[in-house]
Visitor: 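Following this message is one structure expressed as structure tokens.
Here the structure is a predicted model, which is why all the values come from computation and not from measurement.
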Amino acid sequence: MKMSRGGRLFLATCLGSLFVLVLYFQSITKPEAGLKTGRRPGKSRRSPLPTLYNGDQPELLAAHTSLQGRRELLEQACLGHMRKRRVLSPEDLKHLIVDDKHSLIYCYVPKVACTNWKRVLMVLTSDGRYTDPLAIPANEAHVAGNLRTLSEFSVAEINQRLRSYLKFIFVREPFERLVSAYRNKFTRRYNTAFHKRYGTKIIRRHRLNPKPEALEKGDDVSFPEFVQYLVDPRTQREEPFNEHWERVHSLCHPCLIHYNVVGKYETLEADAQAVLTLAGVEGTLQFPTSGKTTRTDGHMAARYFKHISPLYQKKLFNLYRMDFLLFNYSTPEYLRTR
């Protein structure tokens, strides 16, 4: 029997809604110790989820309370501030990297040590091809296809992994992450692709009487101009934010996907060690330490925001408010929103 166009649309809507419901309810379920994880038969590696919830690893006892507290705060914030659930499709899962060997799912957030996490996951999934994360060039870590994302699997495979794998995310104080993104993408001469793609548009739209060279190169965008671009309603109407300044809740959907570990950039070393311990590789793999000497912190962010008017500070805070709420970050003291 031939189905009408309206019938097909109704069926697609129902299937999409069913997908998000299955995804959500299965992702919040704590696993049984004997739950199958999809690894090849004969593997004896322990599953990280029972290790996390049973608390039977002495080296994890100190981290366990902190990780549990973050999970609970995130869940409470989602209940209090998530007004409606939208349909979550496989397209939304492109930031979730899958490691089938160690039963891990990692949602990467740019400017939150994601290059080093991708390097670590390349070592974990490479069958010996890679052994040292720091030996992997940064640009190679970001090559599409080097790591599998959850969006590449079928709905059944997605749900099975969300139910049984350890899901982790690393977050950062939103405005420190934003300033870090600006510094990296707009003040470094080598980022010509960003200058052409975004810098020229920002200058054309938000600079009075721009010089022809600036319109052509887009390599001297100021932080106030960048902020104007972000809060301009036209920006998101035209296209989604770039991942480097997109909000974490829009990249990783923490109110629809239950993350077992919420790591923080501010406690990166200890939280990364906890994840590697849960994965059972703490003795063979070390998370790379940052060699940066000018890391973006609160003091540096305050210097950048000093030149932003109270009106635009308020608009920008409203734009990133949900990330502050979900991940328990306080409103920065340097903000002048009144």
Side-chain angles (χ1 to χ4, degrees), residues 77 81 109-114 170-211 213-252 264-266 292-338:
H81 301 284
V109 178
K111 307 313 298 176
V112 192
C114 80
F170 273 73
V171 300
R172 184 177 186 178
E173 201 277 344
F175 284 169
E176 291 177 25
R177 174 175 171 250
L178 187 66
V179 171
S180 178
Y182 166 76
R183 292 179 62 219
N184 179 255
K185 300 306 175 187
F186 294 105
T187 69
R188 305 288 190 267
R189 290 294 174 186
Y190 56 77
N191 269 322
T192 54
F194 266 81
H195 302 159
K196 284 282 189 181
R197 174 73 177 81
Y198 295 101
T200 54
K201 179 189 291 188
I202 293 170
I203 291 169
R204 185 170 62 251
R205 183 183 292 177
H206 298 292
R207 184 177 298 181
L208 290 174
N209 303 317
K211 294 180 180 179
E213 185 180 10
L215 287 170
E216 181 187 353
K217 293 184 176 180
D219 61 354
D220 64 343
V221 171
S222 69
F223 187 66
E225 288 170 337
F226 179 53
V227 170
Q228 282 184 280
Y229 166 76
L230 292 174
V231 302
D232 187 335
R234 291 174 293 177
T235 300
Q236 287 192 77
R237 284 203 300 264
E238 292 173 355
E239 60 181 343
F241 276 170
N242 180 275
E243 63 178 12
H244 290 83
W245 49 83
E246 179 60 280
R247 285 70 54 91
V248 176
H249 72 272
S250 295
L251 292 175
C252 297
K264 291 202 169 186
Y265 189 76
E266 295 80 10
K292 293 181 180 178
T293 55
T294 56
R295 183 183 271 188
T296 303
D297 58 13
H299 295 295
M300 184 176 290
R303 292 202 298 273
Y304 277 85
F305 273 83
K306 186 177 180 181
H307 304 291
I308 306 299
S309 71
L311 174 63
Y312 278 99
Q313 287 188 13
K314 185 173 184 177
K315 287 183 176 182
L316 194 68
F317 182 77
N318 287 337
L319 195 60
Y320 288 87
R321 180 189 296 272
M322 191 59 71
D323 278 0
F324 278 97
L325 291 171
L326 293 179
F327 304 113
N328 197 33
Y329 284 107
S330 302
T331 304
E333 293 182 0
Y334 55 77
L335 280 193
R336 298 171 288 117
T337 57
R338 294 181 182 178

Visitor: Would you check if the side chain of Glu246 reaches a backbone N or O of Leu251 as a donor-acceptor pair within less than 3.5 Å?
Guide: no
Visitor: With the side chain counted from C-beta on, respond yes when Val109 and Arg172 share a heavy-atom pair under 4.5 Å apart, and no when they do not.
Guide: no
Visitor: Hey, what do you get for CZ (Arg336) to NZ (Lys306), rounding to the nearest 0.5 Å?
Guide: 9.5 Å
Visitor: Mind listing the side-chain donor-acceptor pairs of residues 186-194 below 3.5 Å, one per line with the distance, residues two or more places apart or on another chain?
Guide:
from	atom 1	to	atom 2	distance (Å)
Thr187	OG1	Arg183	O	2.3
Arg188	NH1	Arg183	O	3.4
Arg189	NH1	Asp219	OD2	2.7
Asn191	ND2	Asn184	O	2.5

Visitor: Phe327: which residues meet the ring-ring contact (aromatic ring centres under 6.0 Å, His included) condition with it, sequence neighbours left out?
Guide: none
Visitor: Are the side chain of Arg204 and the backbone N or O of Pro210 linked by a donor-acceptor pair below 3.5 Å?
Guide: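 Side chain of Arg204 to backbone of Pro210: no pair is present.
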Visitor: Determine whether a donor-acceptor pair (N or O, by modelled atom type, separation under 3.5 Å) exists between the side chain of Thr235 and the backbone of Tyr229.
Guide: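 Between the backbone of Tyr229 and the side chain of Thr235 there is a qualifying donor-acceptor contact (under 3.5 Å).
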Visitor: Specify whether Phe324 and Phe317 have parallel, tilted or perpendicular ring planes, treating 30° as the upper limit for parallel and 60° as the lower limit for perpendicular.
Guide: tilted
Visitor: According to side-chain hydrogen bond (donor to acceptor under 3.5 Å, both in side chains), who are the partners of Tyr329, at least two apart in sequence or on a separate chain?
Guide: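 With sequence neighbours excluded, Tyr329 shows a side-chain hydrogen bond (donor to acceptor under 3.5 Å, both in side chains) to Glu266, given in chain and number order.
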Visitor: Using 0.5 Å steps for rounding, measure from the CG atom of Leu316 to the CZ atom of Phe226.
Guide: 8.5 Å
Visitor: What distance do Leu326 atom CG and His249 atom NE2 have between them, rounded to the nearest 0.5 Å?
Guide: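 Going from CG on Leu326 over to NE2 on His249, the span is 7.0 Å.
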Visitor: First locate atom NZ of Lys314, then atom CZ of Arg321, and finally report the distance between them rounded to the nearest 0.5 Å.
Guide: 8.5 Å
Visitor: Looking at residues at least two apart in the chain, or sitting in another chain, which of them share a ring-ring contact (aromatic ring centres under 6.0 Å, His included) with Phe305?
Guide: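 ring-ring contact (aromatic ring centres under 6.0 Å, His included) check on Phe305 returns Phe175, Phe223, Tyr334.
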Visitor: Do Met322 and Arg247 come within less than 4.5 Å of each other through their side chains, counting heavy atoms only?
Guide: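 Met322 does not reach Arg247 side chain to side chain.
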Visitor: For residues His244 and Lys111, determine if any side-chain heavy atom of one lies less than 4.5 Å from a side-chain heavy atom of the other.
Guide: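 Of all side-chain heavy-atom pairs linking Lys111 with His244, at least one is under 4.5 Å.
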Visitor: Test of understanding: with side-chain hydrogen bond (donor to acceptor under 3.5 Å, both in side chains), list the residues that count as partners of Arg207, not counting sequence neighbours.
Guide: Asp220, Glu225
Visitor: Would you say the side chain of Lys185 lies within less than 4.5 Å of the side chain of Asn242, judging by non-hydrogen atoms?
Guide: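 A side-chain contact under 4.5 Å is absent here.
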Visitor: Calculate, to the nearest 0.5 Å, the distance between atoms CG and CH2 belonging to Leu230 and Trp245 respectively.
Guide: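 These two atoms lie 7.5 Å from each other.
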Visitor: Examine the side chains of Asp297 and His299 and answer whether a donor and an acceptor come within less than 3.5 Å of each other.
Guide: no
Visitor: Any non-hydrogen side-chain atom of Phe241 less than 4.5 Å from a side-chain atom of Leu319?
Guide: yes
Visitor: Got Pro332 and Glu176 here, is their nearest side-chain heavy-atom distance under 4.5 Å?
Guide: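 When only atoms from C-beta onward are counted, Glu176 and Pro332 do not touch, as no gap falls below 4.5 Å.
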Visitor: Given 3.5 Å as the limit, does a donor-acceptor pair link the side chain of Lys196 with the main chain of Glu216, or not?
Guide: yes
Visitor: Checking Tyr265 against Arg295: is there a side-chain donor and acceptor pair closer than 3.5 Å?
Guide: yes
Visitor: Between Val248 and Asp323, what is the shortest heavy-atom contact and its length?
Guide: N-OD2, 2.7 Å
Visitor: Would you mind listing every salt bridge (charged side-chain N to carboxylate O under 4.0 Å, His left out) that reaches into residues 230-245, with sequence neighbours excluded?
Guide: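 Residue pairs passing salt bridge (charged side-chain N to carboxylate O under 4.0 Å, His left out), neighbours aside: Arg197-Glu239, Lys201-Glu238, Lys201-Glu239, Arg205-Asp232, Arg205-Glu238, Asp232-Arg234.
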Visitor: About how many Å separate CZ of Arg303 and OG1 of Thr296, when rounded to the nearest 0.5 Å?
Guide: 9.5 Å
